[in-house]
Amino acid sequence: MSWAGFKKTINRANTTLLQKTGQIERTIDREFADEEVKYKNYEKECQALQKDSKGYMDAMRAMTAAQARLADTIDIFYGAADKTSESAMAAHAYKRAVEDLDTGVSREMELPYRTTIMEPLGKMNAYFPIINEHITKRNKKLLDYDAARSKLNKIINKPSEDPTKLPKAQQENDDAKEVFDYLNDQLIAELPQLLDLRVPFFDPSFEAMIRMQCKFAEEGYDKLSGVQRYFADNVRDDYAAGQLDAQVEGVLQEMRELSICGAS
Amino acid sequence: MKGISKAFARTPHMIGSKVGMSKKSSDPEFDDYSRRFAALETAAEKLLKDTKAFDEAVTNLFNSGSGFSQHFGSLFHPLVGETDLIRKHPEAEHTVKHVDQYEGIMDELKAAVVPELELIESRILGPVKELQGVMKAIRKSITKRDHKLLDYDRHNNSLTKLRDKKEKSLNDEKNLFKVEQEFEIASNEYDYINTAMKNELPRFMQMATRFIDPLFHSFFYMQLNIFYLLLEKMNAFAENAKYDVSVPTSQVIPDYENKRTDAWAQIEAFNITKRIISTSKLVQANRAASGGGVGVGRSPTTSSVATSSHLGPPMRTPSSTSTSSFTKPAPPPPHASSVASPPPYSPPAATSPSYGGGFTAAKRAPPPPPPLKPKPSEPEKQYVVALYDFEAQADGDLAFRTGDRIEVVERTGSAEDWWTGRLNGVQGVFPGNYVQDT
């Protein structure tokens with residue numbers, strides 16, 4: 001920090017202190033405060049939205065990637081006992097289907113998702129630090145202005161011997177006010193516009209999101225349901241009736257009865 | 001204790017067999033099964049891990065989806081003081097009207113997937129964990145078999161050594177019988193467990209396949225159901241809300257681009273979305289923008305001023321001391337070096353008519369400070385003659401008519417500055433380029 005910056009920081013800390021103890025009057029700007037609250041809320045929503053958008057895409061990819069890995073593993077199980085059964089065929093079909101799905105999601109979804117969801121959000125969220133900088137600046141300049149005004153009022157109430165003091169204080173007051181007004185007016189004018197523009201800014205993303213969500217579900221369902229052809233006819237009903245679970249339990253029990261399993 | 005002494009007994013032989021000093025027997029048939037069993041072990045491990053990963057991904061998908069709908073929805077709800085979003089942004093009507101419904105659907109989905117995830121937990125993860133338990137027990141048996149093999153080799157080795165010895169001592173003869181017995185036991189134990197392994201490992205492999213069969217089918221239907229759930233709800237919503245979702249994914253971007261408005265450019269054009277370089281510069285730029293037109297900046301091209309072309313009064317650019325914005329260095333005081341003050345008159349944005357609305361409200365600066373005392377070293381008064389009429393534009397200005405003789409109280413080094421003078425007993429400031437030296 002430069003020396004001038006350091007001096008400013010000290011002076012402002014002093015002003016804040018004096019304001020807290022009531023010795024310097026604090027400017028209260030309802031108009032700005034209202035806009036700031038709305039803006040802060042908007043910032044929070046946008047950041048949360050960005051997090052969830054990323055989470056959504058990541059989850060889609062993670063889901064299909066996990067399926068592809070599962071298919072590999074299931075294949076190993078069938079490979080352990082060299083069995084070219086219907087089930088092993090189905091496992092192959094499943095593997096092909098989920099691999100298709102996995103590559104399809106990365107190939108077809110990623111770019112549109114990035115363009116229509118992540119990019120606008122990234123863009124908007126990149127503005128916030130800059131806008132916050134403007135707000136911080138404005139708050140600092142407000143402190144300067146409050147300090148200068150308080151100084152000026154003191155001199156007016158209790159004229160000094162030195163005739164140059166009053167004009168100098170007046171000058172400082174006016175300068176501080178000008179800088180503050182400029183920043184403040186700009187924020188008050190532009191923050192509501194920014195918030196208003198959120199509607200046209202994000203509107204097109206909505207349709208895109210719905211389309212991609214539908215597409216993902218449709219692709220997943222289509223690809224997977226094709227695998228059913230390789231299943232025996234009764235599998236679906238067995239699943240619905242909980243028969244498959246019973247089979248799993250039965251096999252586990254048989255395994256436990258093996259002597260190498262410590263049963264003997 | 002028994003285990004430790006066994007381990008001690010085995011160690012020398014293990015080292016010996018590693019360096020090739022003692023014979024090590026192998027059973028290719030068993031080794032093959034063992035390899036396949038190890039593969040199954042890793043597979044079970046992976047199955048567990050990936051099932052968890054899948055489970056987690058699905059949870060994230062539905063949670064993020066619900067979060068997205070919620071936050072997106074709140075963006076399209078009117079803020080405090082916003083009355084009618086649709087009237088203001090008719091193009092977004094469709095979105096504004098459906099975000100709530102969308103949020104509802106996503107919440108429903110989030111709730112609907114919970115039972116599916118519970119099924120995966122209890123019907124897939126549970127059995128796989130149990131399978132791992134079974135495999136752990138088998139792994140233990142395999143280790144035991146390996147130990148027994150080691151014992152067999154060890155005793156076999158000692159027996160051979162002893163038998164091959166040409167001249168056996170009395171002790172050796174005694175030992176031979178003991179070693180033979182030990183070998184017999186080890187051989188029996190090993191044979192027993194090895195045979196059991198070779199019989200049962202293949203059976204276990206078969207069982208593993210029979211295990212994975214229903215498990216795979218169940219898992220498949222669970223996955224299918226998750227997609228079905230998503231598809232059904234999303235399609236119902238899209239149909240209801242009249243979103244055309246039958247387009248290919250390649251159409252998503254073009255449609256999006258078509259619907260994009262100039263909102264991006266508008267936001268880009270804001271001042272608050274640009275980094276602050278320096279407030280004083282911003283203020284100056286603003287002043288120049290709002291005061292543009294008539295005002296001529298204090299340009300350093302004095303030559304044009306020197307000619308008699310009638311220029312407007314120089315702009316009052318305050319060289320305020322707090323902001324070091326004034327690029328031009330303050331002209332040196334005309335008189336002796338005793339005074340080192342900045343130019344005495346540096347008003348802030350004044351009510352000069354050339355200023356735009358933004359600053360008319362600004363408070364007028366007080367009259368300039370009293371002039372510096374005339375230096376005693378300069379008793380002679382200086383006079384200048386007015387070249388043009390000058391109307392007072394603000395308090396403290398010295399008005400005059402062409403031809404008036406003005407007593408100079410203070411002048412700066414530049415004619416493009418505000419000088420202080422006295423006329424008819426009135427003291428004030430005036431533009432230096434309006435007058436001429438006598």
Side-chain angles (χ1 to χ4, degrees), chain A residues 38 45 48-49 52 55-56 59 62-63 66 69-70 73-74 76-77 80-81 83 87 108 112 115-116 127 130-131 134 164 167 170 174-175 179 182 186 190 197-201 203-204 206 208 210-211 213-215 217 220-221 224 235 239 244-245 247-248 251-252 255 258-262, chain B residues 36 40 43 46-47 50 53-54 57 60-61 64 67-68 71 74 79 89 92 95 123 127 130 134 137-138 141 196 200 205-207 209-218 221 224 227 230-231 234 243 245 249 252-253 256 259-261 263 270-273 279 283 286 320 322 348 366 369:
Chain A
K38 278 190 263 181
E45 289 292 343
L49 189 60
D52 280 324
Y56 199 84
M63 199 172 151
R69 288 198 304 271
L70 282 169
T73 310
I74 287 168
I76 296 177
F77 272 94
K83 191 178 168 195
S87 300
E108 285 189 33
T115 312
T116 62
Y127 286 133
I130 302 176
I131 296 171
H134 278 265
T164 58
Q170 181 73 54
D174 293 350
D175 284 350
V179 174
Y182 174 72
Q186 189 168 276
E190 291 186 357
L197 284 171
R198 76 188 189 279
V199 174
F201 187 86
D203 176 46
F206 192 56
I210 290 167
R211 283 178 168 180
Q213 282 181 308
C214 284
K215 206 75 199 164
Y221 186 77
L224 281 187
V235 169
Y239 169 72
L244 297 181
D245 300 332
Q247 287 175 29
V248 169
V251 176
L252 277 172
M255 285 175 172
L258 288 174
S259 69
I260 54 168
C261 198
Chain B
R36 278 155 62 181
L40 274 187
K46 272 189 71 190
L47 193 62
D50 290 332
F54 179 77
N60 285 344
L61 185 80
S64 301
F68 180 91
H71 296 300
S74 70
L79 302 168
H89 301 285
T95 308
R123 296 296 168 205
E130 281 183 47
V134 168
I138 295 177
S141 300
E200 293 194 346
M205 308 288 176
Q206 292 289 340
M207 287 177 192
T209 313
R210 277 197 288 131
F211 167 83
I212 202 69
D213 238 12
L215 193 87
F216 161 51
H217 292 154
S218 294
Y221 277 113
L224 190 68
F227 280 111
L230 199 58
L231 181 68
M234 284 308 299
Y243 279 100
V245 292
T249 40
V252 171
I253 293 182
Y256 171 80
K259 288 183 85 181
R260 246 172 70 168
T261 57
F270 284 155
N271 282 323
I272 54 168
T273 54
T279 34
V283 170
N286 177 56
S320 84
S322 59

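Numbers restart at 1 for each chain; the letters A, B, ... are given by sequence-line order, proteins then strands. This one's a predicted model, so the numbers in the text were calculated from it and none came from an experiment.
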Name the option with the most non-hydrogen atom pairs under 4.5 Å to chain B; the candidates are A/Ala208, A/Gly55, A/Pro112.
-> A/Pro112
Side chain, backbone, both or neither: which part of A/Phe201 has a heavy atom under 4.5 Å from chain B?
-> both
If you count heavy-atom pairs under 4.5 Å with chain B, which of A/Ile131, A/Val199, A/Thr115 comes out on top?
-> A/Val199
Should the pair A/Tyr239 and B/Tyr221 be assigned to parallel (<30°), tilted (30 to 60°) or perpendicular (>60°) ring geometry?
-> parallel
Hey, what do you get for CG (A/Leu252) to CZ (B/Arg210), rounding to the nearest 0.5 Å?
-> 11.0 Å
Supply the atom-to-atom distance A/His134 NE2 to B/Thr273 OG1, rounded to the nearest 0.5 angstrom.
-> 7.5 Å
Return the minimal non-hydrogen interatomic distance between A/Ser259 and B/Ala196, and the atom names on each side.
-> OG-CB, 4.2 Å
Give a yes or no answer on whether the side chain of B/Glu200 reaches the backbone of A/Ile260 with a donor-acceptor pair at less than 3.5 Å.
-> yes
Could you tell me whether the side chain of A/Glu190 and the main chain of B/Ile272 form a donor-acceptor pair under 3.5 Å?
-> yes
Max heavy-atom pair count under 4.5 Å with chain A, selected residue of B/Val245, B/Thr261, B/Asn60, B/Ile212 = B/Ile212
Do A/Asp52 and B/His71 have side chains that get closer than 4.5 Å, going by heavy atoms?
-> yes
May I ask you to test the A/Phe77-B/Thr209 pair for a side-chain heavy-atom distance under 4.5 Å?
-> no
Distance from A/Asp203 atom CG to B/Thr95 atom OG1, nearest 0.5 Å?
-> 3.5 Å
Can you name the closest pair of heavy atoms from A/Arg69 and B/Ala53 and give their distance?
-> NH2-CB, 3.7 Å
CD/B/Gln206 to CE/A/Met255 distance, rounded to the nearest 0.5 angstrom?
-> 10.5 Å
Any chance you could measure B/Lys46, atom NZ, to A/Leu70, atom CG, to the nearest 0.5 Å?
-> 8.5 Å
Shortest non-hydrogen pair, A/Leu244 vs B/Ser218, comes out as CB-OG, 3.4 Å
Centroid-centroid distance, B/Phe68 to A/Tyr56, less than 6.0 Å | no
What residue, out of A/Val248, A/Ile74, A/Thr116, has the most heavy-atom pairs lying under 4.5 Å from chain B?
-> A/Thr116
With chain B, which of A/Lys215, A/Met63, A/Lys38, A/Glu108 has the greatest number of heavy-atom pairs at distances under 4.5 Å?
-> A/Met63
